[in-house]
Asker: 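Let me begin by handing over the structure; questions about it come next.
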Amino acid sequence: MTDRIQTRVLTVDPAVPEPQIIAEAAAVIRAGGLVAFPTETVYGLGASALDEQAVARIFHAKERPATDPIIAHIADLCQLDVLARDVPPAAHALARRFWPGPLTLVVLRRPIVPANLSAGRATVAVRMPAHPVALALIAASGVPIAAPSANRFSRPSPTTAAHVLDDLNGRIDLVLDGGATHIGVESSVVDLTVDPPVLLRPGGVTITALREVLPELTFAPRYLAGDEEALPAPGMLLRHYAPNATLTVVAGDHAAALERIRAEAQAAINAGLRVGVLAFDEDAPALADLPVRIVQLGPAANPEVVAQRLFAALRAIEQTGVDLILARDPGQEGLSLTIRDRLVRAAEGRIIVAGQ
Ligand code: TXA
Ligand code: MG
């Protein structure tokens, strides 16, 4: 456990951040402290990326394994060359198209990058976020900002300041409350240090959009249970987003999957369990006659809305105290691939296919 510290909360205008608030937060960063701040994806837990002790505090506050490296956030393309060497042309092409935005690039690191930020690897992950508060904070701090998602390890990523406080109150110095984040799922992570480049984590930029710039990009989701240390690549840990209840993803065609969700729910209810469903809007009426908690994700056909609500929905449904959560497979089209990835991780790989 960490010693409790006073966590202050400052409200900030997400569109036009007040300079005095940003200056106050930047002073905390420069002094080696921890500041949670909104990005366009999720809230980040920030510290100076060039200060090994400050980075160590991030690991401590989150209870994150030291083997899982952290993304450095920049506000200016010049900062990429401060952190990285031998930056390949593909990085510049991707940056031109997607930065600022929900894309993280893994490149070779310079010695200035503290070893703990990179978890001892020869690489560093870099992202320029598309959020006025994040960009202003990095600029005012004068250093790149190391920031994992501002949740405790293995909790869903926070999309509001309240989620940050739920997990980290008393463990960090400051939260900048800039309202709910609008993308809602984390950045896509592309490793450019291997040939061909690999999408390590699907995120806010779709694989289709990435391949318009990087046609050779590969993606082979590997969901591994067990010790992060044993993993071939960081961030593959299956339990990464696990809620407190057991979650099961139900795949198959729409009608069959919905019927299977009803059957699984009924069986669990008969066994005395409390059941929740993370339901697409169009599925909710078909579940209304069952004694289940329903949290709606938005229309299945609108993955942008579903992504924005996903982590809040996971937190909300587990707070109802259910034992089992069921969710229908969103498919793999566009941003749905990212939503599916987060659901499957939260489910620790439990997918059942209706009709099988
Ligand atoms: O949208 C986001 O990316 C958010 C916001 C705050 O920017 N950040 C975020 O950070 O999701 P985090 O730490 O929760 O996830 C970062 C992912 C992890 O899967 C980590 O293993 C991977 O990026 N990563 C970081 N550095 C890496 C490196 N050098 N090589 C490979 N993967 C790396
Ligand atoms: Mg995270």
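Just follow the structure's listing: the first ligand is 1, and inside any ligand the first atom is 1.
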Asker: Run the numbers for me: atoms of ligand 1, each under 4.0 Å from some heavy atom of Leu200, listed by number.
Answerer: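 So the atoms of ligand 1 that pass are 31 (C), 32 (N).
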Asker: Would you check if the Mg ion (ligand 2) lies under 2.8 Å from any N, O or S atom of Ser149?
Answerer: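 So Ser149 does bind the Mg ion (ligand 2) by this criterion.
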Asker: Tell me whether Arg262 is salt-bridged to Asp289, with the criterion being a basic N under 4.0 Å from an acidic carboxylate O.
Answerer: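 Salt bridge: yes.
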Asker: Would you say Ala147 contacts ligand 1, with heavy atoms under 4.0 Å as the rule?
Answerer: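 It does, in that a heavy atom of Ala147 comes within the 4.0 Å cut-off of ligand 1.
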Asker: May I ask you to say whether Arg127 pairs ionically with Glu186, meaning some side-chain N is under 4.0 Å from a carboxylate O?
Answerer: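 No, Arg127 and Glu186 are not salt-bridged.
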Asker: Are side-chain heavy atoms of Arg293 and Ile325 found at a separation under 4.5 Å?
Answerer: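 Contact flag for Arg293/Ile325 side chains = no.
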Asker: Under the rule for salt bridge (Lys or Arg N to Asp or Glu O under 4.0 Å), what residues qualify as partners of Asp329, not counting sequence neighbours?
Answerer: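 Once residues adjacent in sequence are excluded, the partners of Asp329 under the salt bridge (Lys or Arg N to Asp or Glu O under 4.0 Å) criterion are Arg340.
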Asker: Which residue from Thr39, Leu108, Asp68 reaches closest to atom 21 (O) of ligand 1 through any of its heavy atoms?
Answerer: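 Looking at heavy atoms only, the winner is Asp68.
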Asker: Run the contact test for Arg64 against ligand 1 with a 4.0 Å cut-off on heavy atoms, strictly below, and give the result.
Answerer: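 Heavy atoms of Arg64 do come under 4.0 Å of ligand 1.
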Asker: Quick one: does Asp191 get a heavy atom under 4.0 Å from ligand 1?
Answerer: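 No.
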Asker: With Arg315, which residues qualify under salt bridge (Lys or Arg N to Asp or Glu O under 4.0 Å), at least two apart?
Answerer: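 Checked Arg315 against salt bridge (Lys or Arg N to Asp or Glu O under 4.0 Å); matches are Asp167.
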Asker: Any idea which atoms of ligand 1 are less than 4.0 Å away from a heavy-atom of Thr41?
Answerer: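 Ligand 1 atoms under the 4.0 Å threshold to Thr41: 1 (O), 2 (C), 4 (C), 5 (C).
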Asker: I'd like to check Arg4 versus Asn169 (side-chain heavy atoms, cut-off strictly below 4.5 Å). Are they in contact?
Answerer: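 The answer is yes; the side chains approach within 4.5 Å.
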Asker: Which ligand 1 atoms are under 4.0 Å away from a heavy-atom of Pro69?
Answerer: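 Taking each heavy atom of Pro69 in turn, ligand 1 has 20 (C), 21 (O), 24 (N), 25 (C), 26 (N), 27 (C), 28 (C), 33 (C) under 4.0 Å.
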